[in-house]
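Computation of the quantities below employed the complete heavy-atom set of this structure, encompassing side-chain atoms and omitting hydrogens, waters and symmetry-equivalent molecules. Letters A, B, ... are given to chains in the order of the sequence lines, protein chains preceding strands, and every chain is numbered from 1.
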Amino acid sequence: MPELPEVETTVRGLAAVMEGKRIAGVEARRADLRRPFPEDLRQRLTGATVSALGRRAKYGLIETDRGDTMIFHLGMSGRWRIDPEELGTHDHLIVGVDSGHILSLNDPRRFGSVDLLPTDDIDAWPPFAAMGPEPLGPDFTARHLQQALAGRIASIKLLLLDQRIVAGLGNIYVCEALNMAGIAPGRQGGRIGLKRLERLVEAIRTVLLAAIDAGGSTLRDYARPDGELGYFAKQWRVYGREGLECPCGGIVRRRTEGGRSTFYCADCQR
DNA sequence: CCGACAACCTGACGGC
DNA sequence: TGCCGTCAGGTTGTCG
């Protein structure tokens with residue numbers, strides 16, 4: 001369940017046990033996830049001190065005092081486990097810090113990734129270089145959306161999933177934000193007025209912040225081996241709720257586009 | 001540029 | 001109990 005709020009809460013949880021700590025050991029239990037692990041991962045991390053944790057879109061950043069940053073992506077099913085009671089087949093990368101804590105990157109589907117770059121180079125790293133603004137940052141405004149969407153005839157649903165337009169939204173939060181903003185998912189991106197874009201920006205911020213708030217409880221679950229759906233799942237307005245009531249009283253519908261489900265309410269989303 | 005689709009993987013769930 | 005089809009939070013690439 002890793003979207004931006006999950007990555008954010010994961011990073012905060014890792015910071016609590018890693019920040020300022022020395023990396024005592026690194027063990028890769030397989031050679032790759034989505035792509036191969038960096039060959040010198042263990043050598044460059046071991047002995048280094050974690051100076052800061054961070055996040056860019058759905059990527060987590062672990063920065064060391066040696067001038068390196070480890071960049072991880074959780075894919076569809078990845079999560080970090082803190083002090084797991086035992087390691088299973090999907091615990092692929094283990095990091096031990098000198099305070100005694102063990103961190104395990106667990107990813108059954110293995111769509112995640114781990115990269116290691118000089119910290120000075122991460123802005124130029126291709127996945128980051130092409131990215132749009134952070135949805136919770138100062139550059140994500142209705143004006144920006146208006147420019148980025150100008151002339152686009154694709155649906156706003158698909159455009160919001162494009163990380164070049166805004167970086168960090170996934171299927172759940174796009175559905176939720178469009179519902180909150182009262183915008184139909186199939187509406188052409190370039191044909192949404194500034195007023196409604198302002199509402200959309202506000203809705204995206206609101207839903208992400210609420211999810212991060214609730215994600216705190218998810219994170220506590222992460223510290224246990226059995227972490228399931230986060231608390232914020234209980235707050236979904238439309239996602240996963242086909243046939244149930246939208247907050248407006250309408251019935252939530254589901255449609256498929258690009259092989260992915262879109263949940264929406266035809267009554268209040270126009 | 002656009003939409004559809006497939007690929008990468010495993011696990012959960014429903015139907016029979 | 002088990003087998004089979006379907007679906008799942010993401011990203012990347014191809015094809016018409």
Which residues satisfy the side-chain contact (heavy atoms from CB on, under 4.5 Å) test with A/E176, sequence neighbours excluded?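 With sequence neighbours excluded, A/E176 shows a side-chain contact (heavy atoms from CB on, under 4.5 Å) to A/I172, A/V207, A/W236, A/R237, A/V238, A/Y239, given in chain and number order.
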
Set of side-chain contact (heavy atoms from CB on, under 4.5 Å) partners for A/T69, sequence neighbours left out: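 With neighbours one apart ignored, the set is A/L61, A/E63, A/I71, A/T119, A/I122.
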
First of A/R35 and A/R109 reached from the 5' end of DNA chain C, by closest nucleotide: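 Its nucleotide being nearer the 5' end, the pick is A/R109.
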
Verify the distance criterion only: is there a donor paired with an acceptor across the side chains of A/S51 and A/D65 at less than 3.5 Å?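 Not at all, the side chains of A/S51 and A/D65 share no donor-acceptor pair under 3.5 Å.
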
Nearest-Å distance for atom pair [atom1]/[atom2], residues [X] and [N]:
| X | N | atom1 | atom2 | value |
| --- | --- | --- | --- | --- |
| A/L161 | C/dT12 | CG | C1' | 14 Å |
| A/E8 | C/dG9 | CD | C1' | 17 Å |
| A/E6 | C/dA8 | CD | P | 18 Å |
| A/R260 | C/dG10 | CZ | C1' | 6 Å |
| A/K58 | C/dG9 | NZ | P | 10 Å |
| A/F111 | C/dG13 | CZ | P | 15 Å |
| A/N171 | C/dA8 | CG | C1' | 10 Å |

Detail all sub-3.5 Å separations between protein N/O atoms and N/O atoms belonging to nucleotides 2-7 of chain C.
none

CD/A/E242: more than 12 non-hydrogen atoms of other groups inside 6.0 Å: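 Check passes, neighbour count above 12.
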
My understanding is that only one of A/T49, A/D98, A/L45 makes a side-chain contact (heavy atoms from CB on, under 4.5 Å) with A/I23; could you say which?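 Of A/T49, A/D98, A/L45, side-chain contact (heavy atoms from CB on, under 4.5 Å) with A/I23 is met by A/L45 alone.
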
Nucleotides bounding contact with chain A, strand DNA chain B, heavy-atom threshold 4.0 Å: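 In short, chain A contacts DNA chain B from B/dC1 to B/dG11.
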
Nucleotide-level pairing of DNA chain B, given in dot-bracket where Watson-Crick and G-U pairs need both distances under 3.5 Å and | marks other strands: .|||||||.|||||||

Table of protein N/O atoms under 3.5 Å from nucleotides 14-16 of chain C N/O atoms:
none

